[in-house]
Amino acid sequence: MNKLTLLVASLMIATFTFAQQGSMTFAANSLDITKPLDTEANIGYYMTDDIMVSLSMTDWDNFMVGARYYGICDGMFIQAMTTATKTGVMAESDYNIGAAAGWTLDTGVWKFQFEPMIVLDDIQDFTPRLAWALRFTL
């Protein structure tokens, strides 16, 4: 049992140190300056050159976790995400699984990128919508 614990701990440390080589990103899809905190902003982390994970939350009960894969075409990505929304007083949540496909286009202004995309907020309720985001990479 001790060997198994040591193996798992070693793998976690190796994964953590590998992940430190990635870069952080920040994206926002609403630029209403009258309500700066009322936007769907997310923070992402590039695990490798092709995979980014992101987190967006308004509070501890309402959040979105997503993962993107950039290895398809130059600048194109596909994304899978899950969204948790608090439904009742008893700390019950409703979870939706969504998807997105789009492009990350360089704006030519420092490290800002424009991301137009097609989004499915819930894959069981097939209602695609167009969306966009501005991403800043550190």
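Side chains included, hydrogens not; waters and symmetry mates left out as well; all remaining heavy atoms used.
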Next on the checklist: Before you tell me yes or no, could you show the steps for Phe126 and Leu120 under side-chain contact (heavy atoms from CB on, under 4.5 Å), namely the whole-Å CA-CA distance, both residues' side-chain angles and the distance that decides it to 0.1 Å?
Outcome noted: CA-CA 7 Å; Phe126 191 81; Leu120 285 171; 3.7 Å; yes
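- When side chains are defined from C-beta on, Asn42 does not count as touching Leu55, because their heavy atoms never get closer than 4.5 Å.
- Residues Ile78 and Arg68 have side chains not in contact (no heavy-atom distance under 4.5 Å, counting atoms from C-beta outward).
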Checklist entry - Could you walk me through whether Met117 and Arg129 pass the side-chain contact (heavy atoms from CB on, under 4.5 Å) check? => result CA-CA 8 Å; Met117 62 189 96; Arg129 64 180 174 91; over 6 Å; no
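- Judged as a side-chain contact (heavy atoms from CB on, under 4.5 Å), and not counting sequence neighbours, the contacts of Ala84 are Phe63, Tyr95.
- Contact detail for Asn96 and Asp121: the closest heavy-atom pair is CB-O, 4.0 Å.
- With rounding to the nearest 0.5 Å, the separation of OG in Ser93 from CG in Asp61 is 5.5 Å.
- Ile43 and Phe136 fall within a single hydrophobic cluster, where Ile, Leu, Val, Met, Phe, Trp and Tyr side chains are chained together by heavy-atom contacts under 4.5 Å.
- Within the 4.5 Å cutoff, the side chain of Leu105 has heavy atoms near those of the Pro116 side chain.
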Checklist entry - Run the side-chain contact (heavy atoms from CB on, under 4.5 Å) check on Lys86 and Trp60 step by step: do they pass? => result CA-CA 9 Å; Lys86 187 174 181 179; Trp60 290 109; over 6 Å; no
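- Other residues, nucleotides and ligands contribute only 12 or fewer heavy atoms inside 6.0 Å of the CD1 atom of Ile97.
- For residues 102-111, the set of pairs meeting the side chain to side chain donor-acceptor pair (under 3.5 Å) definition, not counting sequence neighbours, comprises Thr104-Glu115.
- Tyr70 places a side-chain heavy atom less than 4.5 Å from the side chain of Met52.
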Item to check | Audit row: Thr25, Tyr46, side-chain contact (heavy atoms from CB on, under 4.5 Å) steps and yes/no | outcome: CA-CA 8 Å; Thr25 67; Tyr46 284 97; 3.0 Å; yes
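- The local environment of CG in Asp49 is sparse, with at most 12 non-hydrogen atoms from other residues, nucleotides or ligands closer than 6.0 Å.
- Contacts of Gln124 classified as side-chain contact (heavy atoms from CB on, under 4.5 Å), with partners at least two apart in sequence or in another chain: Asp122.
- Between Leu134 and Phe114 the shortest side-chain heavy-atom distance falls below 4.5 Å.
- By the 4.5 Å heavy-atom criterion applied to side chains, Tyr69 and Gln79 are not counted as neighbours.
- Here the side chain of Thr82 pairs no donor or acceptor atom with the backbone of Val65 at under 3.5 angstrom.
- Ala99 and Met81 make their closest contact through O-CE, 3.5 Å (heavy atoms, listed as atom of the first residue, atom of the second, distance).
- Ala41 and Ser56 get closest at one heavy-atom pair: O-OG, 2.9 Å.
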